[in-house]
Engineer: 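Supplied in C-alpha cells, the structure appears directly below.
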Amino acid sequence: MSKGPQRIRGTQDIWGEAADRFQAVVTAFERVRRLYGFRRVEMPVFEATEVFARSIGETTDIVSKEMYSFEDRGGDRLTLRPEFTAGLCRAYLSEGWQQLAPLKVATHGPVFRYERPQKGRYRQFHQLDAEIIGSEEPMADVELLVLAHQLLDELGITEGVTLQLNTLGDAATREAWRAALVTHFEGHRRELSDESLVRLAKNPMRILDSKDPRDRPAADSAPDIDSFLTPDARAFFDKVTAGLDAAGVPWQRNSRLVRGLDYYRHTAFEFVTDRLGAQGAVIAGGRYDGLVEALGGPPTPAVGWAAGIERLAMLTDPTNAQAPEIVVVPDQPDLEPDASRALSMLRKAGIRADMAFKGNAKRRVELARKADADAVLFIRHEGEDAYGPYGRLHLMHLRGSDEARHELSTRVLLPLHREFGGIRGR
RNA sequence: GCGAUCGUAGCUCAGCUGGUUAGAGCAUCGGUUUGUGGUACCGAGGGUCGCGGGUUCAAGUCCCGUCGAUCGCCCCA
C-alpha cells in the first residue's frame with residue numbers, strides 16, 4: 001500500500017474504457033434531449049442548504065445525515081447538490097424563468113450524497129436530469145417517459161430494463177390512501193418487521209416496497225391506490241398510460257412503487273434492471289407538483305427524472321477503444337524529426353496516429369502491437385535491397401482484410417506522398 | 001448508523017493445519033537473440049505481509065482493536 005493521499009471514500013477515478021462508456025451515455029443524452037427540445041442548463045454545484053432542506057423536509061434523515069453541508073468563510077450554510085431538481089426550482093423562481101413556462105430543461109453533472117458506498121452507489125456520482133416545470137398536463141409526463149425510453153434505446157439497453165409505473169394520485173387521493181394503509185398495517189402490527197413498525201409511524205407507504213420477506217404478506221395484501229383515486233386523478237393516469245401506449249413505450253404497472261417525500265403527486269416511475277445488484281433503478285422520477293411551493297414560490301406543477309450516469313454506463317456494451325490506426329516508427333534515431341513531421345501530417349489529415357516518446361524501433365513495434373494499432377509506418381532513409389530500391393516510407397499492416405489494408409494505405413499515402421514519396425509495403 | 005467478507009510487490013493473486021533470508025504472472029528498467037521486427041531468452045529494481053496491541057520458543061498465517069475496501073441492510077432526494 002502506498003502512503004500519501006488516498007481517494008476519498010465513495011469517490012471514483014474513472015479511466016479508460018469506463019470513461020469512454022460514461023462519455024457515450026452523456027453524448028447520447030445530449031443528442032436525445034435536443035431532439036425533444038429540452039434546453040440545456042448549467043447549474044451551480046452548491047446551493048444554500050435551505051434550498052434542499054425546505055424542498056426535502058427539514059426533519060428527514062436525508063437532511064440531517066446524508067447531505068454534504070458546510071459553512072463557508074462568510075458563515076453561510078451551503079450544501080453540495082444531492083440532486084438537480086431543487087436547484088432548478090430555485091432558479092425557476094429566482095431567475096424569472098416562470099415567464100418561460102412550460103420550461104423544458106436538461107442538465108448533467110456531479111451530485112453528492114453522504115452515504116455508505118455499495119455497488120452502483122457513490123458519494124460523488126453523476127446524473128442526467130430532465131425536467132418540465134410549469135405544466136400540469138399528462139402529456140408532459142408522457143414526453144419525459146418517451147425521452148427516457150429513447151435514451152435507453154439509443155444506448156442499446158432496453159433489453160432487461162423495464163419501466164415500472166404507478167400513480168400516487170392527487171392530494172385528496174393520497175390522503176385517503178395513506179389513511180387506509182395506516183389502518184391496514186395497524187391491523188397487521190405483529191407480522192411486521194421492526195423496521196416497518198418505524199415506517200408505520202413515519203412513512204407508512206414505504207412498507208409497500210419493503211424487501212424484508214416478513215413484511216411481504218401484509219404489504220401484498222394492502223389496498224391498492226386505485227379504489228381511492230378521484231375522478232381527476234384517474235383521468236390523469238389514464239392519459240399518461242394512453243400516451244405511452246400511443247408512443248409504443250412498454251410499461252408495467254407497479255402498484256407498490258412509492259416515493260418517500262410528500263411533494264410527489266400523480267406519476268411515479270422507475271426504469272429498473274436486475275443487473276446492478278441491490279440498486280436496481282437506472283432512471284427514476286415523477287411529478288412533484290408540491291415542490292416549488294415548498295421553496296416559497298407559487299403552486300407550480302412540474303415533472304422530471306434523473307438517471308445515474310455510472311449505472312447506465314455499466315449496462316452498456318464496451319465501446320471499441322479507439323486504437324490508433326497508425327503508429328509511426330523512425331527506423332533510426334536521426335529520423336525522429338521526420339517521424340514527428342509525418343505524425344503531425346497524418347493527424348491533421350484526420351487519421352488516428354501515435355508515436356512512442358522514446359525507444360528503439362523494435363521496442364516501438366512491440367508497443368504498437370500492444371496498442372492494437374492497425375499498422376506501423378516506418379520512416380527510414382532511402383536505400384536498396386534484394387527487391388530493388390526503396391523509398392522513405394514502409395507500411396507494415398498488423399491486421400485487417402486486404403480491402404481494409406488497401407484503403408488504409410491510400411489514406412496514409414495521400415497526406416504524405418508529396419513530402420516523403422510513395423509507400424512500398426509488403 | 002448496522003451486518004458479512006476481505007486487506008501480501010505498481011496491478012492480479014499464491015503462500016497447506018503458525019516453523020528458517022515472503023513467491024508467481026503482468027507491468028517497469030537493463031541486457032541477449034531475431035531477416036522490417038508478434039508473443040523468445042537472461043537479469044534487475046520494487047514488499048516494515050493496512051496499522052496497533054496480544055498469544056507463542058516462533059505469526060503473513062491465531063486472538064482483540066483500529067483504519068480501509070467490497071457487497072448487503074437502513075435511507076433513497
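Bear in mind the structure is a predicted one, so any value in this text is a computation, not a measurement. A, B, ... follow the sequence lines: proteins, then strands. Residue 1 opens every chain.
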Engineer: Is there side-chain contact between His188(A) and His184(A), with at least one heavy-atom pair below 4.5 Å?
Structural biologist: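 A side-chain contact under 4.5 Å exists here.
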Engineer: From CD1 of Ile379(A) over to P of rU36(B), roughly how many Å is that when rounded to an integer?
Structural biologist: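 So the two atoms are 17 Å apart, to the nearest Å.
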Engineer: Report which part of the nucleic acid Arg116(A) touches: base, sugar-phosphate, or nothing (heavy-atom distance under 4.0 Å, all strands).
Structural biologist: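 Counting heavy atoms under 4.0 Å across all strands, the contact made by Arg116(A) includes a base.
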Engineer: Any Lys/Arg nitrogen of Arg392(A) or Glu419(A) sitting under 4.0 Å from an Asp/Glu carboxylate oxygen of the other?
Structural biologist: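 Between Glu419(A) and Arg392(A) there is no salt bridge, as every charged N stays at least 4.0 Å from the carboxylate O atoms.
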Engineer: For Arg253(A), is there an ion pair with Asp226(A) - N to carboxylate O distance below 4.0 angstrom?
Structural biologist: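 Yes, Asp226(A) and Arg253(A) are salt-bridged.
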Engineer: Can you find a donor-acceptor N/O pair under 3.5 angstrom joining the side chain of Arg369(A) to the base of rU39(B)?
Structural biologist: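 Answer is no: no donor-acceptor pair is held.
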Engineer: So, is Lys370(A) near the phosphate of rU39(B), with a side-chain N or O under 4.0 Å from OP1 or OP2?
Structural biologist: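 For rU39(B), OP1/OP2 do not have a side-chain N/O of Lys370(A) under 4.0 Å.
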Engineer: Report yes or no: is the cationic atom of Arg81(A) (NZ for Lys, CZ for Arg) closer than 6.0 Å to the six-membered ring centre of Phe112(A), at no more than 45° off its axis?
Structural biologist: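 Cation-pi check for Arg81(A) and Phe112(A): fails.
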Engineer: Between rG38(B) atom P and His397(A) atom NE2, what is the distance in whole Å?
Structural biologist: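 The distance from NE2 of His397(A) to P of rG38(B) comes to 18 Å, rounded to the nearest Å.
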Engineer: Can you check the distance between rG52(B) and rC75(B), where both ends of the measurement are the C1' atom (answer in whole Å)?
Structural biologist: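 34 Å, rounded to whole Å.
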Engineer: If you compare every side-chain N and O of Arg9(A) against the phosphate oxygens of rG68(B) (OP1, OP2), does one of them come in below 4.0 Å?
Structural biologist: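 For rG68(B), OP1/OP2 do have a side-chain N/O of Arg9(A) under 4.0 Å.
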Engineer: Does a nitrogen or oxygen in the side chain of Arg199(A) sit under 4.0 Å from OP1 or OP2 of rC74(B)?
Structural biologist: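 It does, given that an N or O in the side chain of Arg199(A) lies less than 4.0 Å from OP1 or OP2 of rC74(B).
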Engineer: Rounding to the closest angstrom, what is the interatomic distance between rC29(B) and rG45(B) at atom C1'?
Structural biologist: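 Rounded to whole Å, the distance is 7 Å.
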Engineer: Is there side-chain contact between Val45(A) and Leu80(A), with at least one heavy-atom pair below 4.5 Å?
Structural biologist: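 Yes, their side chains come closer than 4.5 Å.
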Engineer: Please check if atom CZ in Arg216(A) has more than 12 non-hydrogen atoms from other residues, nucleotides or ligands closer than 6.0 Å.
Structural biologist: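 More than 12 heavy atoms, drawn from other residues, nucleotides or ligands, come within 6.0 Å of this atom.
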Engineer: Arg121(A) side chain: which of rC76(B), rG37(B), rA77(B) is closest?
Structural biologist: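 Between rC76(B), rG37(B), rA77(B), the one nearest the side chain of Arg121(A) would be rC76(B).
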Engineer: Starting from C1' on rC74(B), measure out to CD1 on Ile207(A) and report it in whole angstrom.
Structural biologist: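 After rounding, the gap between these two atoms is 14 Å.
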Engineer: Look at the side chain of Gln118(A) and decide which nucleotide, out of rG72(B), rU28(B), rA77(B), has an atom nearest to it.
Structural biologist: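 So the side chain of Gln118(A) is nearest to rG72(B).
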Engineer: Does any residue of residues 351-363 of chain A have a heavy atom under 4.0 Å from RNA chain B, and if so, which ones, in number order?
Structural biologist: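 Listed by number, they are Lys362(A), Arg363(A).
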Engineer: Does Phe84(A) reach a base, just sugar-phosphate, or nothing at all? Heavy atoms under 4.0 Å.
Structural biologist: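 Nothing, no nucleic acid heavy atom in range.
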Engineer: With rounding to the closest Å, how many angstrom separate the C1' atoms on rG38(B) and rU20(B)?
Structural biologist: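 Each nucleotide's C1' atom is 44 Å from the other's.
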Engineer: Relative to the 5' end of RNA chain B, which residue comes earlier, Val376(A) or Phe112(A), by the nucleotide with the nearest heavy atom?
Structural biologist: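 Closer to the 5' end of RNA chain B: Val376(A).
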Engineer: I'd like the P distance from rU66(B) over to rC2(B), given in whole Å.
Structural biologist: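 These two P atoms come out 10 Å apart once rounded.
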Engineer: When we call it a touch if two heavy atoms are under 4.0 Å apart, what does Asp331(A) touch: a base, just sugar-phosphate, or nothing?
Structural biologist: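 Base, at least one base heavy atom under 4.0 Å.
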Engineer: Rounded to the nearest angstrom, tell me the gap between atom CZ in Arg256(A) and atom C1' in rC76(B).
Structural biologist: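 Value for this atom pair: 20 Å.
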Engineer: For His126(A) and Phe22(A), run ring-ring contact (aromatic ring centres under 6.0 Å, His included): C-alpha distance rounded to whole Å, both residues' side-chain angles, the deciding distance at 0.1 Å, then the answer.
Structural biologist: CA-CA 9 Å; His126(A) 301 80; Phe22(A) 184 106; 5.2 Å; yes
Engineer: Taking atom P in both rA69(B) and rA77(B), what distance in whole Å separates the two?
Structural biologist: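 Comparing P positions in rA69(B) and rA77(B) gives a spacing of 25 Å.
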Engineer: Answer whether the closest heavy-atom distance between the side chains of Ile283(A) and Arg311(A) falls below 4.5 Å.
Structural biologist: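 Contact flag for Ile283(A)/Arg311(A) side chains = no.
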Engineer: For Lys370(A), is there an ion pair with Glu366(A) - N to carboxylate O distance below 4.0 angstrom?
Structural biologist: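 Salt bridge: no.
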Engineer: Measure the distance from CG on Asp274(A) to P on rC71(B) and round it to the nearest whole Å.
Structural biologist: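 Going from CG in Asp274(A) over to P in rC71(B) covers 17 Å.
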Engineer: Mapping Met67(A) and Arg7(A) onto RNA chain B by nearest heavy atom, which one lands closer to the 5' end?
Structural biologist: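 Nearer the 5' end of the strand: Arg7(A).
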Engineer: Say we look at rA58(B) and rU21(B): how far apart would their P atoms be, to the nearest angstrom?
Structural biologist: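 The answer is 14 Å between these two P atoms.
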Engineer: Gln279(A) side chain: which of rC73(B), rA77(B), rU36(B) is closest?
Structural biologist: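 Nearest listed nucleotide: rC73(B).
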Engineer: Classify the ring geometry between Tyr288(A) and Tyr264(A) as parallel (under 30°), tilted (30 to 60°) or perpendicular (over 60°).
Structural biologist: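 If you compare the ring of Tyr288(A) with that of Tyr264(A), the planes turn out perpendicular.
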Engineer: Output, in order, the C-alpha distance, side-chain angles, deciding distance and verdict of side-chain hydrogen bond (donor to acceptor under 3.5 Å, both in side chains) for Ser344(A) and Arg347(A).
Structural biologist: CA-CA 5 Å; Ser344(A) 148; Arg347(A) 287 170 168 171; over 6 Å; no
Engineer: For RNA chain B, what dot-bracket results from Watson-Crick or G-U pairs at under 3.5 Å, with [ ] for crossers and | for inter-strand partners?
Structural biologist: (((((((..((((.....[...)))).(((((.......))))).....(((((..]....))))))))))))....
Engineer: Taking atom P in both rG31(B) and rG53(B), what distance in whole Å separates the two?
Structural biologist: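 My reading of the P atoms in rG31(B) and rG53(B) gives 45 Å.
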Engineer: Could you tell me how far apart Asp212(A) (CG) and rG72(B) (C1') are, to the nearest whole angstrom?
Structural biologist: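 Checked: the CG to C1' distance equals 13 Å.
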Engineer: Between Arg206(A) and rA77(B), does any side-chain N or O lie under 4.0 Å from OP1 or OP2?
Structural biologist: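 Looking at the OP1 and OP2 atoms of rA77(B), one of them is under 4.0 Å from a side-chain N or O of Arg206(A).
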Engineer: Which heavy atom of Ser55(A) sits nearest to which heavy atom of Tyr263(A), and what is that distance?
Structural biologist: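 Residues Ser55(A) and Tyr263(A), closest heavy atoms: O-CE2, 2.8 Å.
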Engineer: Between rC2(B) atom C1' and Lys65(A) atom NZ, what is the distance in whole Å?
Structural biologist: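 The distance from NZ of Lys65(A) to C1' of rC2(B) comes to 11 Å, rounded to the nearest Å.
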Engineer: So Glu366(A), base contact, sugar-phosphate only, or nothing? Heavy-atom distance under 4.0 Å.
Structural biologist: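 The answer is sugar-phosphate, as Glu366(A) gets under 4.0 Å only of primed atoms, P, OP1 or OP2.
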Engineer: Please measure how far the P atom in rU5(B) lies from the corresponding atom in rC63(B), and state the result in whole Å.
Structural biologist: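 Taking atom P in both rU5(B) and rC63(B), they lie 12 Å apart.
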Engineer: Could you state the atom-to-atom distance from CD of Glu66(A) to P of rC76(B) in whole Å?
Structural biologist: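 Going from Glu66(A) (CD) to rC76(B) (P), I get 8 Å.
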